[in-house]
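One structure is given here, and the rest of the page talks about it.
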Amino acid sequence: MKLEELFNAVRARGEGAHMAHVYYGDPCEDFSIKLIETLAENGADIIEFGIPFSDPIADGAIFQAACERALKAGVTPAKCIEGIKKLRDRGLKTPVILTTYFNIVYNMGLVNFLNKAKDAGVQGVLIPDLPIEEAQPLLELTRKLGLHLILQVAPTTSRERLSRILAEASGFIYLIGLEGVTGSKFRSKKTTATLIEKVKAETNIPVMVGFGISKREHAETLIAAGADGVVVGSAYARIYAVNITNPFERLSEIARLAREIKLGCIRGQKIKLNVSL
Amino acid sequence: MKLEELFNAVRARGEGAHMAHVYYGDPCEDFSIKLIETLAENGADIIEFGIPFSDPIADGAIFQAACERALKAGVTPAKCIEGIKKLRDRGLKTPVILTTYFNIVYNMGLVNFLNKAKDAGVQGVLIPDLPIEEAQPLLELTRKLGLHLILQVAPTTSRERLSRILAEASGFIYLIGLEGVTGSKFRSKKTTATLIEKVKAETNIPVMVGFGISKREHAETLIAAGADGVVVGSAYARIYAVNITNPFERLSEIARLAREIKLGCIRGQKIKLNVSL
Amino acid sequence: MKGRFGIYGGQYVSEILMHALIELEEAFEKIYPSQEFQGEFQELLRNYAGRPTPLYYARNFSTLVGFKVYLKREDMVCGGSHKLNNALGQALLAKKMGKKRLITETAAGQHGLATVMAGNICELKTEIFMGVKDIQRQAANVKKMKLLGAKIKPVKIGAGVLKDAVSETLREWAACSRTTHYLMGSTVGPHPFPIIVATFQGVIGREIREQILEKEGRLPDAIVACGSGGSNALGAFKAFIEEENVRLYFVEGGGESLESENSAAAFQLGRPGVLHGSLMQVMQDPYGQIKPSKTRSAGLNYPGRGPEISYLCEIGRIKACYSFDNEVFDAVKVMARTEGLIPALETAHAIAYVLNHREEFSPGDIVVINYSGRGDKDMETILRYFYEA
Amino acid sequence: MKGRFGIYGGQYVSEILMHALIELEEAFEKIYPSQEFQGEFQELLRNYAGRPTPLYYARNFSTLVGFKVYLKREDMVCGGSHKLNNALGQALLAKKMGKKRLITETAAGQHGLATVMAGNICELKTEIFMGVKDIQRQAANVKKMKLLGAKIKPVKIGAGVLKDAVSETLREWAACSRTTHYLMGSTVGPHPFPIIVATFQGVIGREIREQILEKEGRLPDAIVACGSGGSNALGAFKAFIEEENVRLYFVEGGGESLESENSAAAFQLGRPGVLHGSLMQVMQDPYGQIKPSKTRSAGLNYPGRGPEISYLCEIGRIKACYSFDNEVFDAVKVMARTEGLIPALETAHAIAYVLNHREEFSPGDIVVINYSGRGDKDMETILRYFYEA
Ligand SMILES: Cc1ncc(COP(=O)(O)O)c(C=O)c1O
Ligand SMILES: Cc1ncc(COP(=O)(O)O)c(C=O)c1O
């Protein structure tokens, strides 16, 4: 499914969107496959599929550990892309955003990376260490291939740069809701709401808010504040990480959280639309 | 006995003179008394009576240890002078040279120190860290009191200073036979013989050679080379030091060495005088 | 392109940090040339850091190698290495920018120490990120930093070494960049850090130039410097880049050997890649995962080479060299015996190169070794090598 | 009288050594002023030792105490203390005299290190006498000296501390004075040592004078220096002795307390006496036996005060002061926090005095602390005090 269609469908259902972020291969590929399917079946509208990197500077402790475990288990970028293919073969319809740090992309070669991603059934690409200043080559290539390069904005983004980013944005805007890294403690600050408003005022493409979201209420608040959806990542990894020798046992708990988050997305959207709950 | 008389008598007997150096109070006063008497009875013509000092910079390891033990045992300069009195009371006739470092003298006051020494029956005073440059006050005071200030010369003494020292010398000259400290290994060097010759050529007062002498042959060689006598110190202390908990047991061995040294003094004198042995 | 050296450099960071980099760049451009800043900074360099540092003609060492060797005495900078040149500059800049706090990372502790010293002078709080392994290995420096008032943040992730500490400091910075300055310790990281650090360290080469002209009436034939990020080397080289007749040697940590996994020689074993915000020569596996480096010299134990050094080596202006650990220890001893100086293990890489490649220099040559630091911090390692091996 | 300062000074040594003292005096008078010597010596001071050292205005520390404090940065001398000023001078002198070898003694190791550094530069063999207790306490410095090529001679006699090591070095000198120079480390010992050492250290005060005039346009109101033998203090003071308005403070090691046997405050607890060749203020028992001193600061742990310092205190030109161990550790921390500098424990005595006697200075005062050395050598002691107590 295309991202546009997805957002239209979600909106049509009166919901906010829910993107679930996963680092593939942690602690093994089989689990990641199951995890992604579980998330997709329990309310995740988009899968943010992470290729583990040795030095994930935008990620907090939970995702760092996830990357470390995955790499130790022998996952490679090629295996990750294989994983997406496998998911598609197994019937996954959910849009997939392929996330990784720039060195992985640079190492594979930009064109090669994007071609492989597209072949595997990816809708968009997100590179958290690729600000707009460095994104030009990838913007051009993704456009050519019909892929979205998901750009981020943050509370520290200046008005000037915001315009520049929004002008290039495609698919959706990833709005970093706090100053920090993934997995930080959620802070519902006025600045986040203000930023959502600012972005929404300047663009029509959907706005997904991420970083620190781990509860239904978080999703609800943010979407009520104007966001089109939320991203949840570390909150899922945290659940299975405590039982890392047998993470499968935690899938049901993860499913429960995914449903909760989705519920928050729905309720938030209702509040935003002023529909009585 | 006056020093002049002693040297006249020794010379008259065709002997070299033997001065035995002892640090008083090591390891206890009783032993020192016995030691001095033993030496005097076994061939020591003069007693060099040392007041222990905490930092005896002209002394080697054996005498340093002796000073340390004596101080630990509680000996004081006053007790040392008492010790000389006691020896005199017990009948010691041998001339006594009172040796100590300058700080002990300075601390008691020069006049006080000399008066007490004289009262106790001392013939001369030797301060190893008082070169001629610093000796003027003590030279005057000893002269006034009829005491000898024993001056030292060394292989490193320049011709000029030698003359200056000999001009002030009294009692005898203490010729340091080597470059080093008391208790050094004996080295019979040409320089020592040359120095003895040089000194003898310039003065009539007796020349006693010290430092490193521990055997009959040492005494013999030096006196044959022109010296009027020798000084033996560490060699005696070395004997009782190995049996420090009961040094009295070593007195007979010390007596034996004293007789040996004296024998060397006699043989050396014979060689010097070209008398067949 | 701004912040680029050939293909190298750039600003590969989270969007959150971009404002801080832009703010820093603008502040640097505005504040650094100002009379006020220069007045205070030069005063600190002179009277606190002890600049200019001497250019010492090492007579005995020269006799040994057969050509004239001068040592640029960065070991004489307060704290014992060139690190303070940069720390003072950035701390003062941060203060003028209104920042309240400094964060940074350190491996051997030299840069951490320089940062807390500069922080105290500028009345800024200091927080130092340090891998848990490095904390163990450099226990003395850790306590020293604490005594100076720094907060030490142990970094447990990864291998618990410098690379991980840099990542963690970048993460912390994302959370506090409005009030806090990340005092980058070498010519690495996203633009404008490589330029700022090289500017502050450039004083080394400017002094060398002046001093060698005064002493010899001509420029040197070669300058040899050790490095990982490249700050002391670039500092020494920059004033000579245009001087084609001055050969420049950059000596990295060969570690135990190039064959094994026991090396930090990124120019030999790496290829272009992105780490910590910048495209540079970096050690990585076939998939682009950054590889940990290994050398006994903590200050060279980083898998990346700063963008400018990467570029200058690529175009052949600088010769990329390396020394092995055992050569380095021997060089320490040679310097100790000939000149009474115990160099830092990092510095000893440059010395070792000169000792072991005498054929690259002619009898008439004038060679400057950038003597980047003193060995006090490495004494335990050095003594263990010589007296327990 | 030559070599006398009032009653103090002189040459109380064995006749064996007189020739060496006379030879040294003559050589010093002839060689020291020569152009050849001055040329080489000034070159070494500048480019090896790192002179002139800065006069640093300690802004934060000044704010704390309420008057202007400058630090004369002898910690910036190569090796970390003022000791090298003298060691270089004497080593060069010894070389010109044709000596082949240097001997000396050391407690903390600072002077021993300076001596072997200077010896290596001048290609003279070095032998360092050190009390067995000090060898234990300063294990790191011992190995450092060995690495530099010095022979270490353990001194077992007495308490196995500095006083005993000096005695033992004098004894060794008696055996080898024709070929060997005793490189006396402070303004103690028989004439001409106190004069030679004070001359070589005098550069400190000459620089202070020039620097403070440049910075403040006037002389300081006070100079504060720590000391035992007195070399850094005299070095700082000498250029100001005739300046009646410059108050001079000499701070000795108070140790734990003046009441107990735990002190090194010879001006408080001593009286005139003869030790190691010279009449001076010295700690002794009622019978004239020298008493061991005690302080946590190895460099101040000597029971005697050099003859010139003894005299200048006696006539009231210098005020004799002291700081206690606990005040000293606190001063280390204050300096670390305000100025990012960790002083040597010796130096911290001077700092502590200023901190604890602010009432002796007025708000308009300019005070120079002679910052004689850095605290690297004392880190273990300092850290143990703060983090294990
Ligand atoms: C003495 C010394 N030299 C060199 C370096 C390497 O740093 P850079 O490559 O930035 O000069 C360090 C780093 O800690 C160091 O301490
Ligand atoms: C740093 C420092 N300051 C002061 C002293 C005391 O020596 P002096 O009294 O000769 O200045 C020493 C002696 O080791 C020292 O290392």
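First the proteins, then the strands, lettered A, B, ... as listed; each starts at 1. Below, each value reflects all heavy atoms present in this structure, side chains not excepted, and no hydrogens, waters or symmetry copies.
Only the backbone of P52(A) has a heavy atom closer than 4.5 Å to any heavy atom of chain C. Interface remark: P272(C) contributes backbone and side-chain atoms alike to the contact with chain A (heavy atom separation under 4.5 Å). Heavy atoms of I176(A) lying under 4.5 Å from chain C belong exclusively to its side chain. For a residue to count as touching a neighbouring chain, one of its non-hydrogen atoms must lie under 4.5 Å from one of that chain's; by this rule F53(A) touches chain C with backbone and side chain alike. For a residue to count as touching a neighbouring chain, one of its non-hydrogen atoms must lie under 4.5 Å from one of that chain's; by this rule D129(A) touches chain C with backbone and side chain alike. Of the two parts of I51(A), neither the backbone nor the side chain holds a non-hydrogen atom closer than 4.5 Å to a non-hydrogen atom of chain C. Using a 4.5 Å cut-off between heavy atoms, I165(A) contacts chain C through its side chain alone, with no backbone atom that close. E168(C) touches chain A through its side chain: at least one heavy atom from C-beta onward sits under 4.5 Å away, while N, CA, C and O do not. There is no contact between S158(A) and chain C, counting heavy-atom distances below 4.5 Å. Both the backbone and the side chain of Q152(A) come within contact range of chain C, with heavy atoms under 4.5 Å apart.
Here CD of E140(A) is found 9.0 Å from CD of E168(A). Values are rounded to the nearest 0.5 Å. Here NE2 of H276(C) is found 3.0 Å from OG of S167(C). Values are rounded to the nearest 0.5 Å.
A salt bridge is absent between K79(A) and E82(A): the closest approach of a Lys/Arg side-chain nitrogen to an acidic carboxylate oxygen does not fall below 4.0 angstrom.
In terms of heavy-atom pairs under 4.5 Å with chain C, the best-connected choice from A58(A), P131(A), A65(A) is P131(A).
With a 6.0 Å radius and a threshold of 12 heavy atoms from other residues, nucleotides or ligands, K96(C) has its NZ atom above the threshold.
D134(C) contributes no side-chain N or O that, together with a main-chain N or O of M130(C), makes up a donor-acceptor pair within less than 3.5 Å. Formation of a donor-acceptor pair under 3.5 Å by the S231(C) side chain with backbone atoms of S186(C) is not found in this model.
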